[in-house]
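Below is one structure, written out as structure tokens, with a few remarks after it.
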Number of protein chains: 2
Amino acid sequence: VGLGLIGGSLGLDLLAQGHDVRALVHREATARRARERRLAGTVSTDPEVLEGCRLVVLALPLDRLLAPDPALLAALPPTAVVTDVGSVKGPVLMCWEPLLGERFVAGHPMAGTAAAGVEAGQRGLFRGRPWVATPGRHTDPQALEAVRVLAETVGARWLCCGAAAHDRAVALISHLPVLVGAALLRTADHGALAAAGAGGEDLPALVRALASSGFADTTRVGGGNPDLGTLMARGNRQALRQALACYRGELEALELLVEREDWQALREALAASARLRPQFLGGS
Amino acid sequence: VGLGLIGGSLGLDLLAQGHDVRALVHREATARRARERRLAGTVSTDPEVLEGCRLVVLALPLDRLLAPDPALLAALPPTAVVTDVGSVKGPVLMCWEPLLGERFVAGHPMAGTAAAGVEAGQRGLFRGRPWVATPGRHTDPQALEAVRVLAETVGARWLCCGAAAHDRAVALISHLPVLVGAALLRTADHGALAAAGAGGEDLPALVRALASSGFADTTRVGGGNPDLGTLMARGNRQALRQALACYRGELEALELLVEREDWQALREALAASARLRPQFLGGS
């Protein structure tokens, strides 16, 4: 259900392996383009296309996933395993477990790119990337197993954890970096404007001319898709607020070292950060 | 003077173009390795190697640049144009203009990589990258011109601006991102540890397993060389403090939107950041 980046990529990989792949999309124009791109064997805007499916992947944006269309709910085959790909898991479980019970498996394939929409799907997107499942207490082990097989079929690394732990983790490593990078872009712009007023030189032009690949890297996710960033913040606001509070404390600690001109302590803090970073590179 | 990343790369490019390149280094072991790598035509630990040079490039770390060795000062040819490559310009001018007057040209080739030392020099490092000069009121136009020719000889983009404007600009786009990224690494570590105590699951392992290329990008400069980061913060502490204060304000503004659950305003702020980012990608 949905043929954006995740749904389209999944369709391409599964179709290439000879699976029967049927897709439900919202708009006829999307269906036409998806057929041209051969993202699925059958593409329709009619929910009845799901009839007979044994495994349904809800590859919808988080807002539509959390407010499911009644026509979609009515068309879900009564014994199918249903899984999703949303980037926040607590609210998804809260919405879907009451609806489907033990045959719903909350999942999160972590394979984002900046691309979105029917043009975004690509072969091999999931290869080597984490695919996290957050089973609830009532999740059917066989349903979970079906989703694991799906994830490993497209080459993903399978992981299970609790929904709350997942949401806290992605707040720290995925949702917080969006705001951190966005604030940095705003600072480069506003800080240059403010100083330009005082100095006289064209600082806004200078910061743009001098920004290097380091600045580009630091702000990549912060300058990403604003709809996605907003949906993630909205869906995970509690964990994100905790992460922001923690981040504020860490930044203030570094700032204090600069204020105090305690260069030895600053060097130690930066060295500790440099030692930390390789620990976070395994999954990328 | 110095055959690290900048000095070594400069030597390789100039030597390849047939220029007479002589290098002064601190240690005999460095000199031996530099000769093996052919980073310069003549490499010596004796300051007399500079005799007769018409253009001297001080390619030293910022701390050594700001506390020049008396033997180096004594060996600088009396009419040579002298330039530096330090990443902060105000303190460099303050130190070197009184020593050399109009024949000193403060410069900053912006071509950093994570590498450092005698192994780091590489061909073509400066191609297409900014090389900023910050002439003072007394700088000899002919001396400035000599450094411009040097920069363009190795393919750099030549830029001139005031030292204060340069230092404010690099605080915003180069020094601030170091602290922003370092704080993010500390948050991912500490935030996961704190939540692990409360939750029971192994959140520190989970954040490491789930961190994606987005997290890697956002933290690349924050997990970089701690000596370099500390020297830059130390050399540019005033502009860095202003940048930090501005950043704190921008982040708090975004945080407030999350607190208020004002998703429309958050979306607009993220969209504005997304529109800003391409303006900062020209130089990289």
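Only heavy atoms go into these numbers, but all of them, side chains included; no hydrogens, no water, no symmetry mates. Model, not experiment: these values are computed from the prediction. Just so we're on the same page: letters track the sequence lines, and every chain starts at 1.
Between chain A and the options B:Q264, B:Q242, B:H108, B:R248, the largest number of non-hydrogen pairs under 4.5 Å is found for B:R248. The choice from A:L244, A:L266, A:V132, A:V170 that makes the most heavy-atom pairs within less than 4.5 Å of chain B is A:L244. In terms of non-hydrogen atom pairs under 4.5 Å with chain B, the most contact-rich of A:L176, A:L159, A:D217 is A:D217. Your options are A:A165, A:A164, A:A271, and the one with the most heavy-atom pairs under 4.5 Å with chain B is A:A165. Of the listed residues A:A183, A:A169, A:A272, A:G222, the one with more heavy-atom pairs under 4.5 angstrom with chain B than any other is A:A183. Taking A:H190, A:R277, A:M110 one by one and counting their heavy-atom pairs under 4.5 Å with chain B, the maximum is reached by A:R277. No other option in A:L231, A:V221, A:D227 has as many heavy-atom pairs under 4.5 Å with chain B as A:D227.
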Query raised in the report: Between A:R234 and B:E261, does a side chain to side chain contact (heavy atoms under 4.5 Å, CB included) hold up when you go through it step by step?
Result: CA-CA 7 Å; A:R234 184 174 188 166; B:E261 310 197 3; over 6 Å; no
Query raised in the report: For A:S213 and B:R220, what are the C-alpha separation, side-chain angles and deciding distance, and is it a side chain to side chain contact (heavy atoms under 4.5 Å, CB included)?
Result: CA-CA 10 Å; A:S213 60; B:R220 186 170 69 80; 3.6 Å; yes
Query raised in the report: Hey, mind stepping through B:L179 and A:V258 against side chain to side chain contact (heavy atoms under 4.5 Å, CB included) and telling me if it holds?
Result: CA-CA 10 Å; B:L179 297 191; A:V258 176; 4.1 Å; yes
Report task. Output, in order, the C-alpha distance, side-chain angles, deciding distance and verdict of side chain to side chain contact (heavy atoms under 4.5 Å, CB included) for A:L270 and B:T230. Result -> CA-CA 8 Å; A:L270 293 180; B:T230 306; 3.8 Å; yes
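Side-chain contact check for B:Y247 versus A:V180: some heavy-atom pair is nearer than 4.5 Å. For the pair B:W263 and A:D63, the minimum side-chain heavy-atom distance is 4.5 Å or more. Residues B:L276 and A:R208 meet the side-chain proximity criterion, which asks for heavy atoms closer than 4.5 Å. Counting heavy atoms from C-beta outward, A:S212 and B:I173 have side chains that stay 4.5 Å or more apart. Using a 4.5 Å cut-off on side-chain heavy atoms (C-beta onward), A:E268 and B:P226 make no contact. Using a 4.5 Å heavy-atom cutoff, the side chains of A:T187 and B:L251 are not in contact.
With a 4.5 Å cut-off on non-hydrogen atoms, A:A182 touches chain B through its backbone and its side chain both. Neither the backbone nor the side chain of B:A239 comes within contact range of chain A; no heavy atoms are under 4.5 Å apart. Using a 4.5 Å cut-off between heavy atoms, A:R275 makes no contact with chain B at all. For B:S174, no part lies near chain A; criterion is any non-hydrogen pair under 4.5 Å.
Taking every heavy atom of both residues into account, B:L172 and A:G191 meet most closely at CD1-C, 3.9 Å. Across all non-hydrogen atoms, the minimal contact from B:G223 to A:A274 is O-CB, 3.4 Å. Residue A:A209 comes nearest to B:R157 through the heavy atom pair O-NH2, 3.5 Å, listed as atom of the first residue, atom of the second, then distance.
A salt bridge is absent between A:R241 and B:E255: the closest approach of a Lys/Arg side-chain nitrogen to an acidic carboxylate oxygen does not fall below 4.0 angstrom. The existence of a salt bridge linking B:E259 and A:R237 is excluded, since no basic side-chain nitrogen approaches an acidic carboxylate oxygen closer than 4.0 Å.
The environment of CZ in A:R127 is sparse: at most 12 heavy-atom neighbours from other residues, nucleotides or ligands sit within 6.0 Å. Shown here is B:Q238, whose CD atom has no more than 12 heavy atoms of other residues, nucleotides or ligands within 6.0 Å. More than 12 non-hydrogen atoms from other residues, nucleotides or ligands lie less than 6.0 angstrom from CD of B:E119.
Rounded to the nearest 0.5 Å, atoms CG (B:L210) and CZ (A:F280) are 10.5 Å apart.
The side chain to side chain contact (heavy atoms under 4.5 Å, CB included) test with B:S273 singles out one residue from A:L185, A:T219, A:V178, A:L184, and that residue is A:L185.
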